[in-house]
Amino acid sequence: MKRTNPSTEEDEEEDFESEEDNTETRNSNQLPSSSGPNSFQEQYVPAFLLKLYTMVEDPGSNDIIGWSENGESFIVHNVPNFSTHVLPRFFKHSNFQSFVRQVIFFFFENK
């Protein structure tokens, strides 16, 4: 995890990157099949990943959470606002540490 300014809560940032270069989240439940380069097979996409993608893509919360400059990771720009305004819209909690544990569970690394 990277915190750009740990001295103030409002300026805290969390940067998360996927460890896998080929990881893509799609809007549907269709993911590439390993059986061929152009074939698709319906696979289960965990709800957490779909919610995470929706959070990061939401233009209304770009000042709180968004994609990094290169688009390979996402950054939580404002942890307190993320916990109070974004998390409760998608989950039954507003606990940032629980969110971080879920992110780590899905093979993202903290910077």
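Excluded from the calculations below are hydrogen atoms, water molecules and symmetry mates; all remaining heavy atoms, backbone and side chain alike, are included. Remember, it's a predicted structure, so these values are computed and weren't measured experimentally.
- Here the CD1 atom belonging to Ile64 is positioned 10.0 Å from the CG atom belonging to Leu87, to the nearest 0.5 angstrom.
- Within the 4.5 Å cutoff, the side chain of Phe90 has no heavy atoms near those of the Leu52 side chain.
- Remark: His85 NE2 to Asn78 CG distance equals 8.5 Å, nearest 0.5 Å.
- With sequence neighbours left out, the ring-ring contact (aromatic ring centres under 6.0 Å, His included) criterion links His93 to Phe91.
- For residues 54-63, the pairs satisfying side-chain hydrogen bond (donor to acceptor under 3.5 Å, both in side chains) are Glu57-Trp67, Asp58-Arg89, with sequence neighbours left out.
- Taking Pro88 as the reference, Ser94 meet the side chain to side chain contact (heavy atoms under 4.5 Å, CB included) condition, with sequence neighbours excluded.
- Contact check for Tyr53 versus Phe48: no side-chain heavy atoms found under the 4.5 Å cut-off.
- When side chains are defined from C-beta on, Ser68 does not count as touching Phe74, because their heavy atoms never get closer than 4.5 Å.
- Taking 4.5 Å as the limit, some side-chain heavy atom of Val86 sits within range of a side-chain heavy atom of Met55.
- Considering only residues two or more places apart in sequence or on other chains, Ser98 meets the side chain to side chain donor-acceptor pair (under 3.5 Å) condition with Arg101.
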